[in-house]
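Right, one structure below, let's go through it.
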Amino acid sequence: MSPTIIVEKEKLLPLSYQNEPSKPRSLLKIAAHYTVLLVSICTLFYFLGFLQFPELTYPGEDTLNEADLCPQPPALTPSVHADLWQDLGKTYQTDEFVTRATNWLGGAVQVPTQSYDKMGPIDEDERWKAFVPFHEYLLVSFPQVHATLSLAKVNTYGLVYEWTGSDTSLKPLLLAGHQDVVPVNPDTVDEWTHPPFSGHYDGKDLWGRGSSDDKNGLIGILSTIEVLLEKGFKPNRSVVLAFGFDEEASGLYGARSIAGYLLETYGTDSFAMLVDEGGDYMEEYGSVIATVGTAEKGYFDVRVEVESPGGHSSVPPEHTTIGILASLVAHIEKHPYEAHLGRGTPMYQKALCLAAHAPDISLSLRKYLKKAPKSDKALRHAEKILFEDRLFKALVQTTQAVDLIQGGVKTNALPESAWAVVNHRIATDSSVSAVQEHDSELLFGLAQEFNLSFSAFGKQISEDGAPSYGKLALNDAFGASLAPAPITPTGDAAAFQLLAGTVKATYDAHRGLVGSDGVVVSPGHMSGNTDTRYYWQLTPHIFRYNHHFTGKTSLFKDIHTVNEFIEVDAYIEMLKFFTTLILNADESTSL
Ligand SMILES: [Zn+2]
């Protein structure tokens with residue numbers, strides 16, 4: 001908080017009574033003394049967060065009311081299939097069904113389907129064969145699904161199912177998930193309370209790799225459809241399932257091939273909406289918030305390479321290539337990307353939803369956010385407070401992390417080259433080219449200082465052919481850059497309304513409530529990417545969300561590490577979510 005603001009706030013307090021004529025002089029002194037004391041105490045309390053000063057007003061500013069900051073659509077329950085929906089809701093709560101559901105999920109966890117970075121082609125790398133028993137498991141476990149839905153195997157292990165609806169003029173609903181799991185580090189097996197591929201159910205939680213990322217999603221979808229088929233449900237709107245097999249290794253063989261297949265088979269913008277893994281719902285600042293991933297950050301690895309003459313290290317130059325690279329790295333770290341909460345970004349919308357619905361955020365933050373839609377100054381103040389949360393800030397800004405470095409081969413030889421790789425996660429309202437420009441500008445001065453010829457991303461920056469001591473080159477390290485995802489339409493968009501209404505209906509139904517408004521649905525995004533990175537052309541309505549209730553802590557805590565688990569009650573609620581989603585989408589006339 002800037003000093004100017006504190007002064008403005010103090011001005012709102014009664015600093016002096018000196019203009020009051022009726023008081024004797026000595027009393028005025030005492031009053032002034034106590035006033036100063038009061039101001040000091042209030043200021044101290046303000047910083048401790050116990051007291052909120054009156055609202056700041058800037059001329060011409062409007063405060064938005066809470067409903068406008070983060071409008072909430074009503075719960076949406078199926079009407080044509082209301083009886084079926086009610087009936088399934090009851091079935092899912094029975095002990096018999098819970099046993100069935102945990103067996104389905106536990107059995108899937110027991111088939112290890114680990115995907116590793118840098119795997120070879122499908123027909124060369126033996127490790128891909130891990131998916132054969134998994135497919136056999138699915139075939140045996142979901143007989144109705146396999147008897148009714150068509151199945152295409154894409155690039156051998158990618159699974160695309162189609163449940164053909166009676167009205168093929170309707171755009172299908174696309175549900176996605178991934179079969180693979182993050183490898184279990186063999187050194188950590190002893191740290192698991194239950195073995196990582198046990199799928200052990202202890203009566204409350206189900207344990208094992210993939211139980212919450214993403215076999216819960218994939219098996220949740222298949223279990224839901226198996227049950228709907230058993231009940232005789234026949235869809236009007238087709239439902240297509242896309243299950244990749246190397247999401248944890250960037251989807252190069254799985255989702256990338258599946259995207260090609262789907263585009264070829266169904267065409268561009270051919271799906272009503274896409275729901276994949278991603279956001280969860282949890283308690284945040286005194287409210288329950290379902291954060292639906294409506295964007296993803298971009299990704300860019302920049303290789304910074306320095307070359308300079310070699311030679312014997314007994315006659316060294318002032319700076320070796322390693323020394324120069326070290327200066328460049330230090331300079332990069334000293335200049336992080338500026339963080340700004342752009343209006344229209346999902347994290348801005350999330351902040352407004354917190355302002356509108358989360359009782360435990362500070363009053364000052366709420367006040368700034370309520371003005372933020374119309375006041376840049378208020379938005380800057382809100383940012384300052386929000387960015388004290390490191391995770392929030394990292395989600396908003398383009399980040400940089402120097403993750404790899406190499407140089408030199410021998411202690412008596414001057415290194416001829418040295419390089420580092422800087423990993424960037426690009427802000428949702430930025431671009432790969434903005435990162436290229438930023439990094440080039442940032443290092444330009446040092447390239448001159450060290451007299452290096454400078455090229456960046458295929459362009460010669462320094463004067464071509466000018467004499468130089470060495471070279472500095474910036475390049476796309478692995479040719480795997482990714483632009484930030486297009487932002488999914490929210491607000492009044494029919495698909496968002498349907499998804500948000502489904503979240504609310506599921507939440508209420510699982511707790512026996514009606515119209516509780518107990519869960520707030522907010523746009524937002526995660527820190528990483530999903531298979532949806534390949535699916536942008538299939539529909540603008542991409543939602544990374546599978547209604548996994550993670551309580552008070554973030555999902556990030558338990559996935560990709562030891563003791564991954566899912567609470568079975570939360571898993572049952574996921575099945576209700578998929579059921580409600582399929583039925584709502586089937587009945588919708590606005591998608
Ligand atoms: Zn995942």
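Since the structure is predicted, the reported quantities are computational estimates derived from the model, not experimental observations. Start at 1 and go down the list; that is how both ligands and their atoms are numbered. All values below come from the heavy atoms of this structure, side chains included, with hydrogens, waters and symmetry mates left out.
Among the atoms of Glu277, an N, O or S atom falls under 2.8 Å of the Zn ion (ligand 1).
If you look at Asp213 and ask which of its N, O or S atoms sits nearest the Zn ion (ligand 1), the answer is OD1. Within His178, the N, O or S atom at minimum distance from the Zn ion (ligand 1) carries the name NE2.
For the 3.5 Å distance criterion, the side chains of His548 and Asn546 fail to qualify, holding no donor opposite an acceptor.
Enclosure of atom OH in Tyr116 by more than 12 non-hydrogen atoms of other residues, nucleotides or ligands within 6.0 angstrom is indicated.
Salt bridge present: Glu230 and Arg100 bring a charged side-chain N and a carboxylate O closer than 4.0 Å.
For Ile258 against Phe243, the heavy-atom pair with the smallest separation is CD1-O, 3.6 Å.
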